[in-house]
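Working notes, beginning with the structure itself.
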Amino acid sequence: NYMSISYEIYEEKKKVKKSIFDFLENENKYLFNLITEIENIIYIDAHGAILKGRIYAETLCKIIAEESDLEELNSLNQIDRIKVLARDEIINDEIEKNLHNIRMIGNKAAHGEIEEDLESAISVHRSLYKITCWYMVNYIAFNFRAHKYETPKPIMEKKLNENTKLESLIGEFKELLIHNNSTATVE
(Lines give C-alpha, C1' and ligand atoms only; values in the text may rest on other atoms or scores of the structure.)
Protein backbone atom coordinates (compact mmCIF):
# COMPACT_ATOMS: atom_id res chain seq x y z
CA ASN A 1 0.00 0.00 0.00
CA TYR A 2 0.98 3.63 -0.35
CA MET A 3 1.67 4.07 3.39
CA SER A 4 4.45 1.50 3.30
CA ILE A 5 5.96 3.08 0.17
CA SER A 6 5.77 6.49 1.85
CA TYR A 7 7.61 5.01 4.84
CA GLU A 8 10.16 3.44 2.46
CA ILE A 9 10.83 6.85 0.91
CA TYR A 10 11.36 8.28 4.40
CA GLU A 11 13.68 5.42 5.40
CA GLU A 12 15.61 5.65 2.10
CA LYS A 13 16.24 9.36 2.70
CA LYS A 14 17.57 8.53 6.17
CA LYS A 15 19.86 5.77 4.82
CA VAL A 16 21.61 7.92 2.22
CA LYS A 17 25.15 8.11 3.48
CA LYS A 18 26.39 11.66 3.26
CA SER A 19 29.97 10.99 4.27
CA ILE A 20 32.32 8.33 5.56
CA PHE A 21 32.58 10.67 8.57
CA ASP A 22 28.88 10.34 9.46
CA PHE A 23 29.88 8.64 12.73
CA LEU A 24 31.35 11.97 13.86
CA GLU A 25 28.05 13.84 13.69
CA ASN A 26 26.98 12.85 17.20
CA GLU A 27 30.48 13.07 18.70
CA ASN A 28 31.71 16.51 17.66
CA LYS A 29 29.47 18.86 15.69
CA TYR A 30 32.27 21.33 14.94
CA LEU A 31 34.56 18.69 13.39
CA PHE A 32 31.62 17.07 11.60
CA ASN A 33 30.57 20.39 10.07
CA LEU A 34 34.16 21.15 9.08
CA ILE A 35 34.68 17.77 7.38
CA THR A 36 31.31 18.13 5.64
CA GLU A 37 32.43 21.50 4.32
CA ILE A 38 35.73 19.97 3.16
CA GLU A 39 33.91 17.20 1.31
CA ASN A 40 31.49 19.67 -0.28
CA ILE A 41 34.28 21.86 -1.71
CA ILE A 42 37.06 19.34 -2.40
CA TYR A 43 36.30 19.12 -6.14
CA ILE A 44 35.59 22.80 -6.68
CA ASP A 45 38.12 24.37 -4.29
CA ALA A 46 40.77 21.77 -3.45
CA HIS A 47 43.07 24.49 -2.10
CA GLY A 48 40.38 25.62 0.36
CA ALA A 49 39.71 21.99 1.34
CA ILE A 50 43.40 21.55 2.16
CA LEU A 51 43.45 24.66 4.35
CA LYS A 52 40.29 23.56 6.16
CA GLY A 53 41.84 20.10 6.55
CA ARG A 54 44.79 21.68 8.31
CA ILE A 55 42.40 23.48 10.69
CA TYR A 56 40.57 20.19 11.32
CA ALA A 57 43.84 18.38 12.17
CA GLU A 58 44.98 21.18 14.48
CA THR A 59 41.62 21.20 16.24
CA LEU A 60 41.66 17.42 16.69
CA CYS A 61 45.22 17.57 18.06
CA LYS A 62 44.10 20.15 20.61
CA ILE A 63 41.18 17.94 21.62
CA ILE A 64 43.55 14.97 22.01
CA ALA A 65 45.90 17.10 24.13
CA GLU A 66 43.04 18.26 26.36
CA GLU A 67 41.64 14.76 26.77
CA SER A 68 45.16 13.55 27.66
CA ASP A 69 45.47 16.26 30.35
CA LEU A 70 48.08 18.11 28.29
CA GLU A 71 46.25 21.43 27.78
CA GLU A 72 49.62 23.23 27.84
CA LEU A 73 50.28 21.79 24.36
CA ASN A 74 47.54 23.97 22.94
CA SER A 75 49.78 27.02 23.17
CA LEU A 76 52.37 25.30 20.93
CA ASN A 77 52.41 25.33 17.14
CA GLN A 78 51.21 22.20 15.36
CA ILE A 79 54.64 20.68 14.65
CA ASP A 80 55.67 20.95 18.30
CA ARG A 81 52.28 19.67 19.48
CA ILE A 82 52.66 16.60 17.24
CA LYS A 83 56.23 16.01 18.45
CA VAL A 84 55.20 16.05 22.13
CA LEU A 85 52.15 13.85 21.53
CA ALA A 86 54.42 11.35 19.75
CA ARG A 87 57.22 11.59 22.32
CA ASP A 88 54.78 10.99 25.17
CA GLU A 89 53.30 8.06 23.20
CA ILE A 90 49.87 9.64 23.09
CA ILE A 91 49.81 9.08 19.32
CA ASN A 92 51.44 6.23 17.43
CA ASP A 93 53.83 6.47 14.47
CA GLU A 94 51.09 6.14 11.85
CA ILE A 95 49.01 8.95 13.35
CA GLU A 96 52.11 11.12 13.69
CA LYS A 97 52.93 10.50 10.01
CA ASN A 98 49.38 11.39 8.94
CA LEU A 99 49.36 14.56 11.04
CA HIS A 100 52.68 15.63 9.52
CA ASN A 101 51.32 14.87 6.04
CA ILE A 102 48.36 17.19 6.63
CA ARG A 103 50.59 19.86 8.20
CA MET A 104 53.13 19.85 5.37
CA ILE A 105 50.53 19.86 2.57
CA GLY A 106 48.60 22.58 4.44
CA ASN A 107 51.72 24.72 4.84
CA LYS A 108 52.57 24.39 1.15
CA ALA A 109 49.01 25.33 0.22
CA ALA A 110 49.03 28.30 2.59
CA HIS A 111 52.20 29.61 0.91
CA GLY A 112 51.03 28.88 -2.63
CA GLU A 113 53.72 26.25 -3.20
CA ILE A 114 51.51 23.33 -4.09
CA GLU A 115 50.67 21.75 -7.41
CA GLU A 116 48.11 19.03 -8.01
CA ASP A 117 45.72 20.54 -5.49
CA LEU A 118 43.04 17.86 -5.90
CA GLU A 119 45.47 14.99 -5.41
CA SER A 120 46.84 16.71 -2.30
CA ALA A 121 43.33 17.44 -1.01
CA ILE A 122 42.39 13.75 -1.34
CA SER A 123 45.60 12.83 0.51
CA VAL A 124 44.66 15.23 3.32
CA HIS A 125 41.12 13.80 3.41
CA ARG A 126 42.48 10.24 3.66
CA SER A 127 44.83 11.27 6.50
CA LEU A 128 41.96 13.03 8.30
CA TYR A 129 39.94 9.85 8.09
CA LYS A 130 42.77 7.77 9.57
CA ILE A 131 43.39 10.12 12.49
CA THR A 132 39.67 10.56 13.17
CA CYS A 133 39.11 6.79 13.26
CA TRP A 134 42.11 6.41 15.57
CA TYR A 135 40.65 9.13 17.80
CA MET A 136 37.27 7.39 17.87
CA VAL A 137 38.80 4.08 18.98
CA ASN A 138 41.14 5.62 21.54
CA TYR A 139 38.93 8.32 23.06
CA ILE A 140 35.27 7.78 22.20
CA ALA A 141 34.32 4.14 21.60
CA PHE A 142 36.83 1.33 21.98
CA ASN A 143 34.58 -0.93 19.92
CA PHE A 144 34.37 1.54 17.01
CA ARG A 145 34.85 -0.14 13.64
CA ALA A 146 35.89 2.06 10.76
CA HIS A 147 34.61 1.47 7.27
CA LYS A 148 37.07 1.16 4.42
CA TYR A 149 38.24 4.58 3.24
CA GLU A 150 36.37 6.06 0.27
CA THR A 151 37.20 9.28 -1.52
CA PRO A 152 34.36 11.77 -1.25
CA LYS A 153 31.94 11.71 -4.16
CA PRO A 154 31.41 14.85 -6.17
CA ILE A 155 28.21 16.55 -5.06
CA MET A 156 26.47 15.95 -8.39
CA GLU A 157 27.17 12.21 -8.18
CA LYS A 158 25.76 12.09 -4.63
CA LYS A 159 22.64 13.94 -5.76
CA LEU A 160 22.17 11.62 -8.75
CA ASN A 161 22.39 8.51 -6.54
CA GLU A 162 19.92 9.99 -4.04
CA ASN A 163 17.55 11.11 -6.80
CA THR A 164 17.62 7.76 -8.59
CA LYS A 165 16.57 5.87 -5.45
CA LEU A 166 13.93 8.42 -4.51
CA GLU A 167 12.54 8.65 -8.05
CA SER A 168 12.15 4.88 -8.11
CA LEU A 169 10.19 4.88 -4.84
CA ILE A 170 8.12 7.89 -5.93
CA GLY A 171 7.30 6.07 -9.18
CA GLU A 172 6.09 3.05 -7.21
CA PHE A 173 4.05 5.37 -4.99
CA LYS A 174 2.41 7.04 -8.01
CA GLU A 175 1.60 3.68 -9.61
CA LEU A 176 0.00 2.51 -6.38
CA LEU A 177 -2.05 5.72 -6.12
CA ILE A 178 -3.21 5.37 -9.73
CA HIS A 179 -4.05 1.72 -9.14
CA ASN A 180 -5.95 2.53 -5.93
CA ASN A 181 -7.84 5.37 -7.61
CA SER A 182 -8.83 3.20 -10.56
CA THR A 183 -10.09 0.39 -8.32
CA ALA A 184 -11.93 2.67 -5.89
CA THR A 185 -15.69 2.36 -6.06
CA VAL A 186 -17.95 5.34 -5.90
CA GLU A 187 -20.83 4.97 -3.48
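Computation of the quantities below employed the complete heavy-atom set of this structure, encompassing side-chain atoms and omitting hydrogens, waters and symmetry-equivalent molecules. None of the values given here were measured: they were computed from a predicted structure.
Hydrophobic clustering places Ile131 together with Ile122 (ILVMFWY residues linked when any side-chain heavy atoms are closer than 4.5 Å, directly or through intermediates). Hydrophobic clustering (ILVMFWY, side-chain heavy atoms < 4.5 Å, transitive): Leu128 and Ile63 are in one cluster. Note: the hydrophobic cluster containing Ile140 also contains Ile90 (ILVMFWY, side chain heavy atoms under 4.5 Å, direct or indirect links). In the hydrophobic clustering of this structure, Ile79 does not group with Leu99; members are Ile, Leu, Val, Met, Phe, Trp, Tyr whose side-chain heavy atoms approach within less than 4.5 Å, directly or through other members. Hydrophobic clustering of Ile, Leu, Val, Met, Phe, Trp and Tyr side chains at less than 4.5 Å, counting indirect connections, unites Tyr129 with Val137.
Residues Ile20 and His147 have side chains not in contact (no heavy-atom distance under 4.5 Å, counting atoms from C-beta outward). The closest side-chain heavy-atom distance from Leu85 to Glu96 is not below 4.5 Å. No side-chain heavy atom of Thr59 sits less than 4.5 Å from a side-chain heavy atom of Asn28. A heavy-atom distance below 4.5 Å is not found between the side chains of Met136 and Phe142.
One distance of note links CD1 of Ile35 with OG1 of Thr132; it measures 6.5 Å at 0.5 Å rounding. The distance from atom OG of Ser123 to atom CG of Asn98, rounded to the nearest 0.5 Å, is 8.0 Å. Between the OG atom in Ser127 and the CE atom in Met104 there is a gap of 9.5 Å [rounded to 0.5 Å]. With rounding to the nearest 0.5 Å, the separation of CD in Glu150 from OG in Ser19 is 9.5 Å. Remark: Ile91 CD1 to Trp134 CH2 distance equals 6.5 Å, nearest 0.5 Å. The CG atom of Leu24 lies 8.5 Å from the OH atom of Tyr135; values are rounded to the nearest 0.5 Å.
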### Message
Does Asn92 form a side chain to side chain contact (heavy atoms under 4.5 Å, CB included) with Lys97? I'd like the steps, not just the answer.
### Response
CA-CA 9 Å; Asn92 62 34; Lys97 185 180 119 211; over 6 Å; no

### Query
Can you list the steps and then say if Lys52 with Ile38 is a side chain to side chain contact (heavy atoms under 4.5 Å, CB included)?
CA-CA 7 Å; Lys52 288 179 185 298; Ile38 290 166; 3.6 Å; yes

### Query
Hey, mind stepping through Lys130 and Tyr149 against side chain to side chain contact (heavy atoms under 4.5 Å, CB included) and telling me if it holds?
CA-CA 8 Å; Lys130 288 177 184 174; Tyr149 175 77; over 6 Å; no

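Taking each heavy atom of His125 and Glu39 in turn, the nearest pair found is NE2-OE2, 2.7 Å. Residues Leu51 and Gly106 approach most closely at CD2-O, 3.8 Å, considering heavy atoms. When all heavy atoms are compared, the tightest approach of Ile42 to Leu118 is O-CD1, 3.5 Å. Considering all non-hydrogen atoms of both residues, Ile41 and Ala49 come closest at CD1-N, 3.6 Å. Closest approach of Gly53 to Val124, counting heavy atoms only: CA-CG1, 4.0 Å.
A salt bridge links Glu25 to Lys29: at least one charged side-chain nitrogen sits closer than 4.0 Å to a carboxylate oxygen.
The main-chain N or O of Ala65 is never found under 3.5 Å from a side-chain atom of Ser68 such that the two would form a donor-acceptor pair. Judged by distance alone, with hydrogens and angles left aside, the side-chain atoms of Asp80 form no donor-acceptor pair with the main-chain N or O of Leu76 at under 3.5 Å. Arg54 places no side-chain N or O within 3.5 Å of a backbone atom of Arg103 that could act as its donor or acceptor partner.
By the 6.0 Å contact criterion, CG on Asp93 is open, its count of non-hydrogen atoms from other residues, nucleotides or ligands being 12 or less. Crowding of Glu113 atom CD: a count of heavy atoms from other residues, nucleotides or ligands under 6.0 Å exceeding 12. Atom CD of Glu119 has 12 or fewer neighbouring heavy atoms from other residues, nucleotides or ligands inside a 6.0 Å radius.
In this model, no donor atom of one side chain and acceptor atom of the other lie less than 3.5 Å apart for Arg126 and Asn101.
The stretch residues 23-62 participates, sequence neighbours left out, in these ring-ring contact (aromatic ring centres under 6.0 Å, His included) pairs: Phe23-Phe144.
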